[in-house]
Amino acid sequence: MILVFGGATEGRKAVAELEEAGQPFYYSTKTDMQDVTLHHGIPLQGAMDQEAMTTFCQKHDIRLLIDAAHPFALMLHETVAAVAAKLHLPAIRYERIFPPRDADITWIDNYQDIPHDIHTLLATTGVQSISKLKWLEDEGVKVFYRILDRESSINLAHEQGASDDQLCFYTDSRVIDIDADAILLKESGLTGGFQEKVDAAKQKGMRIFVLRRPKTPSVFHSVNGPHGLRLAVEKLLPDFFPLHSGLTTGTCATAAAVAAMIRLTKGETPAEVPVLLPNGETITVFVGYADGYAYCIKEAGDDPDVTNGIEVRASVEESDVFEIKGGEGVGRFTLPGFDYPPGEPAINKAPREMIRQNLEQLSTVICQLSITISVPNGEEIARRTFNPRLGIEGGISIIGVSGIVEPFSEEAFISSIRKCMEVAKASGTDHVVINSGAKSERFLKDHYPHLPSQAFVQYGNYIGETLKIANELEFRQVTLGVMLGKAVKLAAGNLDTHSKKTVMDKTFIASMLEEAGCPIDLTNLTLARELWERISPEKIEDFCRIILQLCMQHCQPLVPHTELTLLLIDDDGTIHPQ
């Protein structure tokens, strides 16, 4: 069993990730103020001291501790660390993502370090810090306290000697409505609105004092995002998730490039290197070294991937320009329609950007590097993929949008969809937005900003199964967002759009184009998304109307009592309604 301590944003994220396992776990918060929907999690309330936590862990056979509380919940961090050490339990600290420390900011370690050569100060460090700032008032500094606008906080502020004219309340972290010489902040990370507060203070010309976050006890395995959390849980408690995740070839190539860069610039060969993922979190990846290159062995987890176990190599050299090249075993594009023109190595846009961003963190001479990615036996492996059919020749593709491979099996994937739909229903929403993956979901969240995150569920390729689940759960409103590659398959009646089950039917696409009044030559069409550029702009909406009508004919019968909306999404995020 897992025991999670939350109460902050990271607590919600931890819950969302653990819920996907479909297994029970405990979620403990100090108060009942956090609104979290638990489907499999068991809620606990009230603070635990070391003795109470130790007893609970022993009584309930706790095998893993996760501390996902606020960065400044120092007493809790120390208690969890002490219990983990005492009971020899593994422990994970779910950290926030923290921006680099700005040199224009005055960084302090405790309240006594605040410079007192000021007349007024706006303190945003919480109601509990009022008593710690009384010494500053004794020095003649007028201190304003920004607190939550609730009775318990106001009463506590009064108990510590704050007057009503010193209190102001949180409305928007981007707005500072108090004129003061300086502002006091906690290093609360991106999800704590830290950067917005700093930017607002700079606009007001205020001096900025920031309390550094407490150091994480060494007993913890630190992560700062959901992917890292899952990878850590899979490592420390392997039987919790029924299927294990893996790394994309893009992440492996990035890790190898980072390792090669560290050896080139520092002469060091660490066994693990940090890799910044596209979502902003950082994970650690195992690497190795050989003569002239570093490498990473791809672990696909429980995804049945022919690239599992391959060695992805990277060499880094000084150069006149920044370039990412494909070496042995990396394919090349031979047809248009990809992120890069024919002749370029088959290294997609997301992995290239990952490599660039990660190397930028290591060196100021990023513009003068040449990185070569290679995969031994890549050409032979590629023959067992769809690369030849797509016009990628000579090797495998270096791909991956998120950097993480979600474990795949049809039964498990559909089961996870059902769980996500059940969580969406349990959250109280009657409107679910189903989509194919991270890219389309990002666009749809912008389109429906009022919906909770639980309302967005990824169907992968299982459109039909997802709609059937929506019907069983009696959702009143379902929105199906689909990108063109899957839409042309769905319009033809393929409710499972996986490439193993169906391929793009050019004859059928030609018939839709004919009906829309925009026939074009499809001889060299490689990917459906090329149609966005080939169809004349004035005919785009006619084509969208035809394809959505056909998709609706196949989807509506699966949800006969539901208001179904279909949205076609193009590559730049433009949404075409039916």
Side-chain angles (χ1 to χ4, degrees), residues 7-10 30-31 33 69-77 95-216 224 280:
T9 305
E10 288 62 44
K30 187 175 182 179
T31 68
M33 299 301 292
H70 191 279
F72 283 80
L74 182 57
M75 185 175 295
L76 175 61
H77 305 329
E95 300 274 15
R96 294 182 175 181
I97 297 173
F98 297 95
R101 287 176 175 165
D102 192 332
D104 293 334
I105 291 173
T106 300
W107 297 88
I108 60 177
D109 291 310
N110 57 68
Y111 293 94
Q112 298 299 319
D113 294 336
I114 299 171
H116 51 83
D117 57 340
I118 54 175
H119 298 291
T120 52
L121 175 72
L122 173 59
T124 67
T125 47
V127 69
Q128 298 283 359
S129 68
I130 292 177
S131 60
K132 300 173 184 178
L133 292 168
K134 282 300 176 181
W135 74 270
L136 202 57
E137 293 187 41
D138 294 339
E139 294 283 335
V141 178
K142 176 72 171 181
V143 183
F144 298 96
Y145 301 102
R146 196 173 190 183
I147 65 174
L148 295 174
D149 188 9
R150 60 189 185 202
E151 186 177 356
S152 59
S153 296
I154 295 171
N155 289 339
L156 184 55
H158 288 160
E159 290 172 10
Q160 296 179 82
S163 59
D164 286 335
D165 69 329
Q166 289 180 276
L167 302 182
C168 56
F169 304 103
Y170 279 98
T171 53
D172 188 332
S173 63
R174 295 166 295 181
V175 176
I176 295 178
D177 47 13
I178 294 292
D179 290 322
D181 300 335
I183 188 171
L184 176 64
L185 307 171
K186 286 181 176 178
E187 189 181 11
S188 56
L190 296 182
T191 56
F194 177 76
Q195 195 60 53
E196 289 87 348
K197 295 171 187 175
V198 167
D199 293 342
K202 285 183 176 181
Q203 289 181 0
K204 299 274 286 187
M206 304 168 75
R207 292 173 64 183
I208 303 172
F209 309 140
V210 179
L211 281 163
R212 293 185 183 90
R213 65 185 184 273
K215 291 184 179 180
T216 302
N224 66 351

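Within a 6.0 Å sphere centred on NE2 of H119, heavy atoms belonging to other residues, nucleotides or ligands number 12 at most. Other residues, nucleotides and ligands contribute more than 12 heavy atoms inside 6.0 Å of the CD atom of Q112.
Relative orientation of the F194 and W107 rings is tilted, given thresholds of 30° and 60° on the angle between their planes.
How far CG of L136 is from CD1 of I118: 5.5 Å, rounded to the nearest 0.5 Å. Separating the OG atom in S153 from the CD1 atom in I147 is a distance of 5.5 Å, to the nearest 0.5 Å. Rounding to the nearest 0.5 Å places CG of L211 at 8.5 Å from OG of S129. Considering CD1 of I178 and CG of L121, their distance stands at 11.5 Å, rounded to 0.5 Å.
Scanning both residues, R207 and P115, for their nearest heavy atoms gives NH2-CB, 3.9 Å. Closest approach of S188 and P71 over heavy atoms only: O-CG, 4.4 Å.
The backbone N or O of H70 lies less than 3.5 Å from a partner atom in the side chain of H77, making a donor-acceptor pair. The backbone N or O of E187 lies less than 3.5 Å from no partner atom in the side chain of R212, so there is not a single donor-acceptor pair. Not a single donor-acceptor pair under 3.5 Å links the side chain of K197 to the backbone N or O of T124. In terms of modelled atom types and a separation under 3.5 Å, the side chain of Q160 and the main chain of S131 share a donor-acceptor contact. Without hydrogens or angle criteria, E10 side chain to R96 main chain gives no donor-acceptor distance under 3.5 Å.
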* To do: Could you check L185 against I105 for side-chain contact (heavy atoms from CB on, under 4.5 Å), going step by step and ending with a plain yes or no?
  => CA-CA 10 Å; L185 307 171; I105 291 173; over 6 Å; no
* To do: Run the numbers on L156 and E159 for side-chain contact (heavy atoms from CB on, under 4.5 Å), then give the verdict.
  => CA-CA 5 Å; L156 184 55; E159 290 172 10; 3.7 Å; yes
* **Worked check of side-chain hydrogen bond (donor to acceptor under 3.5 Å, both in side chains) between Q203 and D199** => CA-CA 6 Å; Q203 289 181 0; D199 293 342; over 6 Å; no
* Are C168 and L122 close enough, and set up right, to give a side-chain contact (heavy atoms from CB on, under 4.5 Å), and what steps lead you there? -> CA-CA 9 Å; C168 56; L122 173 59; 3.8 Å; yes
* To do: Evaluate side-chain contact (heavy atoms from CB on, under 4.5 Å) for Y145 paired with V127, printing each intermediate quantity in order.
  => CA-CA 7 Å; Y145 301 102; V127 69; over 6 Å; no
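For the pair K186 and F72, the distance from NZ or CZ to the six-membered ring centre is under 6.0 Å and the angle to the ring normal is within 45 degrees.
With respect to D102 and K202, a salt bridge is recorded, a charged nitrogen being found less than 4.0 Å from a carboxylate O.
Counting only heavy atoms from C-beta outward, the side chains of I114 and V141 never approach each other to under 4.5 Å.
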